[in-house]
Amino acid sequence: EQAMVVVFPQDDPKVCQVSFRRHVPLLILQAASIDAGQMRFGERNSLDLRQAGSVVADGEKVSILSRTTNGQQPHLMVELHMDDNAEIQAWTSALRQVMNSEGGPL
């Protein structure tokens with residue numbers, strides 16, 4: 001579980017508390033903000049990782065791409081932005097493990 005900037009295609013970036021359980025193929029995203037020094041939580045959404053086909057990391061984010069279906073190219077489902085390369089690698093590895101446990105590719 002970690003607070004990070006999340007970007008959905010055609011949506012503005014927002015800070016979310018992001019989490020998942022290793023044996024449940026859902027990424028849980030809950031909008032978060034700081035108000036008077038207290039963490040406040042807003043709208044909660046989930047992303048079904050069974051629809052994901054790959055996880056790609058670079059120096060600033062982890063991108064989750066859809067599966068290829070009916071000859072269609074994969075599309076971006078969500079980007080998770082982080083400042084630390086170790087965090088990026090940890091999230092990439094963990095997401096791939098969850099996806100692989102569901103019989104999906106990387």
Cluster link [X] to [Y], ILVMFWY, side chain under 4.5 Å:
{"X": "V15", "Y": "L27", "value": "no"}
{"X": "L80", "Y": "F8", "value": "yes"}
{"X": "I28", "Y": "F41", "value": "no"}

Where do [X] and [Y] come nearest, in terms of heavy atoms and distance?
{"X": "V6", "Y": "C16", "value": "CG2-CB, 3.7 Å"}
{"X": "W91", "Y": "V62", "value": "CB-CG2, 4.4 Å"}
{"X": "A32", "Y": "M39", "value": "CB-SD, 3.8 Å"}
{"X": "A52", "Y": "I64", "value": "CB-CG2, 3.6 Å"}
{"X": "L26", "Y": "F20", "value": "O-CB, 3.1 Å"}
{"X": "E79", "Y": "S63", "value": "CG-OG, 3.8 Å"}

Show, in sequence, the C-alpha distance, side-chain angles and deciding distance for E1 and V18, and conclude whether the side chain to side chain contact (heavy atoms under 4.5 Å, CB included) test is met. CA-CA 5 Å; E1 185 171 288; V18 181; over 6 Å; no

Using atom types as modelled and distance alone, determine if a side-chain donor or acceptor of [X] lies under 3.5 Å from a backbone N or O of [Y].
{"X": "D84", "Y": "E87", "answer": "yes"}
{"X": "R96", "Y": "S54", "answer": "no"}
{"X": "S66", "Y": "H75", "answer": "yes"}
{"X": "N70", "Y": "Q72", "answer": "no"}

Would M77 and L47 count as a side chain to side chain contact (heavy atoms under 4.5 Å, CB included) here? Give the steps. CA-CA 9 Å; M77 295 174 73; L47 180 70; 3.5 Å; yes

Do M82 and N85 have side-chain heavy atoms sitting under 4.5 Å apart? no

With rounding to the nearest 0.5 Å, note down the distance linking [atom1] in [X] to [atom2] in [Y].
{"X": "D58", "Y": "I88", "atom1": "CG", "atom2": "CD1", "answer": "6.5 Å"}
{"X": "K14", "Y": "S33", "atom1": "NZ", "atom2": "OG", "answer": "12.0 Å"}
{"X": "K61", "Y": "T92", "atom1": "NZ", "atom2": "OG1", "answer": "11.0 Å"}

For the residue pair E43 / Q30, report whether a side-chain donor-acceptor contact shorter than 3.5 Å exists. no

Any residue meeting side-chain contact (heavy atoms from CB on, under 4.5 Å) with D12, in chain and number order, not counting sequence neighbours: none

